[in-house]
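Start at 1 and go down the list; that is how both ligands and their atoms are numbered. None of these values were measured; they are calculated from a predicted model. Positions are given from 1, in the same order as the sequence printed here.
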Amino acid sequence: MNKFLGRSLRAGSTLLGSLISADPGESAAGRADVPGRADVPGPVTVRSGDPRYGDLVRGFNQRFVGNPEYVRLASSAGQVVQAVQEAARTDKRVVVRSGGHCYESFAADPDAQVVIDLSEMRAVYYDPALDAFAVEPGATLLDLYEGLYKRWGVTLPGGSCPSVGVGGHIVGGGYGPLSRLHGLTVDHLYGVEVVTVDAHGRARKVLATREHTDPNRELWWAHTGGGGGNFGVVTRYLLRSAATVPADPTTLLPAPPAEVWIAAVSWPWENMTEQSFVRLLKNFGAWHERNSAPDSPYAGLFSQLKPAHRSSGAIVLDVQIDATLPGAEGLLDDYLASLNEGVGIEPFVLQRVRLPWLHAAQWMGFFGGDPTVRFKAKSAYMRTGFPDGQLAAIYRGMTRTDYQHPYAMIMLTSYGGAINTVAPDATAVPSRDSILKLHYIAFWADPADDARHIAWIRDLYRDVYADTGGVPVSNAVTDGCFVNYADIDLSDPTQNTSAVPWYTLYYGDNYPRLQQAKARWDPTDRFRHAQSIRLPRR
Ligand SMILES: Cc1cc2nc3c(=O)[nH]c(=O)nc-3n(C[C@H](O)[C@H](O)[C@H](O)COP(=O)(O)OP(=O)(O)OC[C@H]3O[C@@H](n4cnc5c(N)ncnc54)[C@H](O)[C@@H]3O)c2cc1C
């Protein structure tokens, strides 16, 4: 059974700086830009009728299937330049897919005529010329973690799902279990190599770094949380933390803890009253209010509390803590005790084990490997714990009797710590004083159930944020939405009745600067989707 479902739920169903022109020396069969890899295959074009077509026009969320004239599988940056140039010359709408984990249809848009598929570009290596780690966009998070850790003992504080692609994850401001210790992925982004198209339709490969002297610096900044599919095609991410010892790769990125404690506990729904439910979530919020400063002894603790619909049977909490911290087990015990204070139900301990870090790194990933998954998700940043009105709305949503579904939940996720040491405009991720990130999600398999589940999640979200137009606007309690959990409803005036547009919910005050980057690097709006950065009005 899927590990996430097995742990979470009692139900037994298995549902589950410089411009670089197109490298003239790089032939379709050669790949000078990846050290040690001389034999790289040429590009592959797959059209409708090809047996592979069905596999290459979809990603992870089976709600969305593309319908392009062709999919171009590229194996090098030079091949990406050629593919983008060809699409620009023939004026075809092009989208790019790396790991295929987009929440909406952006990379599987039926209106796109060309898909550039980067899933074969997965190298992770040290680039001595730039003194940074280079990661290709098709690398999965597991490729990245293994590549960086086994050889150099370092990591990037990214997400927990092993199959997510680096391509969309980093540019969207990806975060994960080590983010309270080490910040967001983009806080370690030194540069990007991007294929862009200029006003004359010329495709070219551009290197942009965070160096203040770099004339392309704004393109780097736009990739520190601006979201995928906006400015061009990223062909390499360059990773290096701000303060490092030059030319020693083992110091370029943070080292993860050698070992972590992981624990999962569950509270059965059968004993849960509204009072105990509310107390548990209140405790979770209050604990994070008290323990999310960057210098907190709990910066090494990350957890997810998952209130799922009552029909799931249980509410599960997953926790990871740096086992090398002095008194780590005691900190874990204290955390669990503090969450359970006054709840009145003794939780089951489902798991509690000390593991080497890399071995544990995928543990919190969810619904991996199920080819039938369809899902809808929403998000919210929280600056404080939960107001009573929000808790009452969450309880209503999770106990609805006209909706029964075990795979419908909110993941309440630890945030803060090192994330909040960075200024809101230092990267494109504006939310730098939140303590929680909320991930509303329902997943299912049968297309006939789409409307039912989408309606549930929309109703719940609107109810929780009823006081602020159905969305978590930036105020004393909430602070907008996470672009990596893309939610097309934020653009829908029937769902978002606040006066705050979708782009402000994602980007806050950083949006106009992203628009300036768009105007400079994608002046003809070649790279667009339903929620892409809009060109500024002239
Ligand atoms: C199961 C699951 C678990 C997740 N867990 C986490 C998590 O723990 N933390 C977190 O932060 N996020 C998480 N996410 C969200 C994830 O980070 C985003 O969905 C991310 O955008 C996925 O990137 P991708 O390359 O896999 O997806 P894709 O579908 O390939 O791309 C997503 C978007 O980025 C664009 N894009 C892709 N590659 C490029 C490129 N090379 N250049 C320019 N644009 C590009 C696409 O066009 C699309 O708009 C999770 C998602 C899923 C489905």
task = Looking only at distances, please establish whether an N/O atom of ligand 1 is found under 3.5 Å from an N/O atom of Val164.
result = no

request  = Flag Gly159 as yes when one of its N or O atoms lies below 3.5 Å from any N or O atom of ligand 1, and as no otherwise.
outcome  = no

query = For ligand 1, is any non-hydrogen atom under 4.0 Å from Phe527's backbone (N, CA, C, O), its side chain (CB onward), both, or neither?
reply = neither

key: Note: Asp450-Arg374 ion pair, threshold 4.0 Å (strictly below)   = yes

ask   = Counting heavy atoms only, which part of Cys102 comes closer than 4.0 Å to ligand 1: side chain, backbone, both or neither?
value = both

request  = Using distance alone, decide if ligand 1 has a nitrogen or oxygen within less than 3.5 Å of any nitrogen or oxygen in Leu118.
outcome  = no

inquiry  = Evaluate Val96 for polar contact with ligand 1, using N/O atom pairs at a separation under 3.5 Å.
reply    = yes

key: Check: Gln320 side chain, Ala263 main-chain N or O, donor-acceptor pair, under 3.5 Å   = no

task = Using a 4.0 Å heavy-atom threshold (strictly under), name the region of Phe106 that reaches ligand 1: side chain, backbone, both or neither.
result = side chain

Please list, one pair per line, the donor and acceptor atoms closer than 3.5 Å that link side chains of residues 164-178 to other protein atoms, with sequence neighbours excluded.
residue: His169; atom: NE2; partner: Gly159; partner atom: N; Å: 3.1
residue: Tyr175; atom: OH; partner: Tyr485; partner atom: OH; Å: 2.9

Non-hydrogen atoms of Pro472 and Thr478 that approach each other most closely = C-OG1, 3.5 Å

ask   = Which pairs, with at least one residue in residues 420-430 and sequence neighbours excluded, count as a salt bridge (Lys or Arg N to Asp or Glu O under 4.0 Å)?
value = none

